[in-house]
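Notes follow once the structure below has been shown.
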Amino acid sequence: MDTTITLHVDGEERVLTVDTRTTLLDALRDRLGSTSPKKGCDHGQCGACTVLLDERRVLSCLSLAVAHDGARVTTAAGLAARDELHPVARAVLDHDGLQCGYCTPGQVCSAVGMLAEAGAGWPSHATEDLTAAVELDDAEIRERMSGNLCRCGAYANIVAAIREVSG
Amino acid sequence: MRPFDYERPARASEAVAAVAADPGARFLAGGTNLVDHLKLGVSAPTALVDVRDALDDTVQALGDGGVRIGAGVPNSDLAAHPEIRRRYPVLSAALLAGASGQLRNMATTGGNLLQRTRCVYFQDVTTPCNKREPGSGCSALEGHGRDNAVLGASEFCVATHPSDMAVALCALEARVRVLGPDGERTVPLDHFHRLPGAAPERDTVLSHGDLVTAVELPPPPEAARTAYRKVRERASYAFALVSVAAVVRVRGGRFVDAHIAFGGLAHAPWRARRAEEALRGRPVTEEAFRVAADTELAGARPGRDNAFKVPLAVNTLASVLRELTEEVR
Ligand SMILES: Cc1cc2nc3c(=O)[nH]c(=O)nc-3n(C[C@H](O)[C@H](O)[C@H](O)COP(=O)(O)OP(=O)(O)OC[C@H]3O[C@@H](n4cnc5c(N)ncnc54)[C@H](O)[C@@H]3O)c2cc1C
Ligand code: SF4
Ligand code: FES
Ligand code: FES
């Protein structure tokens, strides 16, 4: 079944007709040419497809496009302001937080979403006292970023990059 | 993937009517389990009824001091909710031990309860599986069996229920509010998920068209200490091999009472009533922890690959009880 939907992708309004079976990830990449979200596993296991949907980090591979008619989608590419990289992306570059770079857009979107969650005082599995203020030490960063896998194993530098931005 | 219609009703009653009228229709919530199953061919609905506008997504105080959690509340928001963190920390802890930040932002309270087993054969349509295709056989009996159930399984299915949240809800004696074609009803969480018996295709007591609208929690027991402990193959982002949710009360060096549930051991969150009984009124000692855990696991029937789950469950429960009673011994 075809349905016409509107997505606001990285600040641009896009109207498209999709089959109800189309995931948000495929709509972004194949239909709208927005290729910064990557398809790693396509089953919710790797985080490469992470985008911000109305400011929250989500997996676009497990989201149906029709279910997000009218949504604001921010990809890693859209986080950059004109020619300035987003501070998280800048820090990942500065810290060599990547090798092949395939996981990087997902890592960056996830980190931006995660920093907002921590800023709102959300605890994590690594938080000792669930009612205390959040302090983003390395254990917290690793736990909160555990949904983003990196086959190149750039984790140590990704953590360092996020620590710098959060500090 | 089979083509399907999509609709997004504004009311729960409309969603129920839409699914009840079409045997091929399914509710869609966060989609983190169902969309995966569409891709895998495990589920092939003719229509999806998106319930996110229809379901309550708030946490409300109840008159008796408990809370009502709308079935649309995302897992992340529930875990972070100030009242849940303060009064029901075992529930926050269980939610935070599950999945990833992205998945918790999408997953809902109702969908989490209704998520299906992660049995590898259930998810692989090329293999026999009684749960996916009744009568086809159970590949897990002779196959990869590390994740299999050790309690309450049957010759038809040895799958485990994967939810962390449901284990905490079980120990908290939650009630599930259900809206069906014939009206509303309340099901105690303890009786919500089924044991497989001869009908493993049915995970829960719900019928087609039944919609979970809320989960209600009674007030937390006064002065209780609580914990959720999850044992898994890696430190994060993995399903439980064994998990324990415990709500215990101690006075004068003795257990007043304990509410305990296990995850990873059975087709449903496993309420450990035998262990609870063994602890009631007993002095807080290492021996009491052991006896309680051993009593509960005495009925375990492990297979070739999962015998480790029995001592793991015993040790995990004993360790949780030790931690929760440290200050009073
Ligand atoms: C990689 C990965 C790792 C994960 N790790 C964990 C983990 O460690 N621990 C854990 O507990 N979970 C884990 N999960 C599972 C996750 O918690 C569930 O997928 C999620 O909770 C399902 O909620 P949803 O809203 O997305 O449900 P959906 O996928 O939308 O629906 C799931 C099922 O519930 C039905 N349904 C949905 N809402 C209702 C309702 N209100 N009433 C009746 N039926 C309904 C749907 O028809 C469908 O059959 C993991 C998932 C993934 C992909
Ligand atoms: S254990 Fe249950 S879900 Fe797994 S293959 Fe057997 S019948 Fe299917
Ligand atoms: S592509 Fe979405 S999680 Fe891997
Ligand atoms: S940089 Fe290659 S996968 Fe992470």
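In what follows, chains carry the letters A, B, and so on, assigned in the order in which the sequence lines appear, proteins first and then strands, with residues in each chain numbered from 1.
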- Task: Check the pair B:Gln102 / A:Asn148 against side chain to side chain contact (heavy atoms under 4.5 Å, CB included), numbers first and verdict last.
- Result: CA-CA 9 Å; B:Gln102 293 96 313; A:Asn148 290 84; 2.8 Å; yes
Under 4.5 Å from any heavy atom of chain B, what part of [X] do you find: side chain, backbone, both or neither?
X        : answer
A:Thr127 : neither
A:Ser124 : backbone
A:Asp19  : neither

About how many Å separate [atom2] of [Y] and [atom1] of [X], when rounded to the nearest 0.5 Å?
X        : Y        : atom1 : atom2 : result
A:Arg144 : B:Ser236 : CZ    : OG    : 11.5 Å
A:Leu62  : B:His37  : CG    : NE2   : 10.5 Å
B:Tyr6   : A:Leu64  : OH    : CG    : 8.0 Å
B:Tyr237 : A:His125 : OH    : NE2   : 15.0 Å
B:Lys39  : A:Thr23  : NZ    : OG1   : 5.0 Å
A:Thr22  : B:Met1   : OG1   : CE    : 8.5 Å

What part of [X] lies closer than 4.5 angstrom to a heavy atom of chain A: side chain, backbone, both or neither?
X       : value
B:Leu95 : neither
B:Arg85 : both
B:Asp50 : side chain

- Query: Using a cut-off of under 4.5 Å for heavy-atom pairs, which of B:Pro3, B:Pro74, B:Ala97 has the most such pairs with chain A?
  - Reply: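 Most heavy-atom pairs within the cutoff with chain A belong to B:Pro3.
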- Message: I need the residue from B:Val35, B:Asn105, B:Leu103 with the largest number of non-hydrogen atom pairs under 4.5 Å to chain A.
- Response: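 Most heavy-atom pairs within the cutoff with chain A belong to B:Asn105.
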Show every donor-acceptor pair shorter than 3.5 Å between a side-chain atom in residues 25-34 of chain B and any protein atom, with sequence neighbours excluded, or say none if there are none.
unit_1: B:Arg26; atom_1: NH1; unit_2: B:Pro23; atom_2: O; d: 3.3
unit_1: B:Asn33; atom_1: OD1; unit_2: B:Arg116; atom_2: N; d: 2.9

- Message: Does A:Val66 form a side chain to side chain contact (heavy atoms under 4.5 Å, CB included) with B:Arg8? I'd like the steps, not just the answer.
- Response: CA-CA 10 Å; A:Val66 280; B:Arg8 187 164 181 160; over 6 Å; no
- Within 6.0 angstrom of A:Arg151 CZ, more than 12 heavy atoms from elsewhere: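 Atom CZ in A:Arg151 is not crowded, with 12 or fewer foreign heavy atoms closer than 6.0 Å.
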- Query: Quick check: does any side chain N or O of B:Arg52 sit under 3.5 Å from a backbone N or O of A:Ala67, one acting as donor and the other as acceptor?
  - Reply: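 Yes; judged by distance alone, with no hydrogens or angles, the pair exists.
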- Task: Determine which residues belonging to residues 84-109 of chain A lie within contact range of chain B, meaning some heavy atom pair is under 4.5 Å apart, and list them by number or answer 'none'.
- Result: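 Near chain B, by residue number: none.
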- Query: Which heavy-atom pair separates A:Leu130 from B:Ser92 by the least distance, and what is that distance?
  - Reply: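 That would be CD1-CB, 3.7 Å.
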- Any idea which heavy atoms bring B:Asp77 and A:Arg56 closest together, and the distance?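 It is OD1-NH2, 2.7 Å.
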- Task: Report the C-alpha separation of B:Leu38 and A:Arg21 in whole Å, then their side-chain angles, then the decisive distance to 0.1 Å, and conclude whether the side chain to side chain contact (heavy atoms under 4.5 Å, CB included) test is met.
- Result: CA-CA 9 Å; B:Leu38 300 177; A:Arg21 291 170 286 186; over 6 Å; no
- Message: Any heavy-atom pair between the side chains of A:Leu53 and B:Met106 that's under 4.5 Å?
- Response: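 The answer is no, as the side chains (C-beta and beyond) never meet within the 4.5 Å cut-off.
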- Message: Between A:Ser146 and B:Arg234, do the side chains contain a donor N or O and an acceptor N or O under 3.5 Å apart?
- Response: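 Side-chain D/A pair, B:Arg234 to A:Ser146: absent.
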- Task: Please assess A:Met1 against B:Phe4 for the test side chain to side chain contact (heavy atoms under 4.5 Å, CB included), listing each intermediate value before the final yes or no.
- Result: CA-CA 6 Å; A:Met1 191 183 89; B:Phe4 52 79; over 6 Å; no
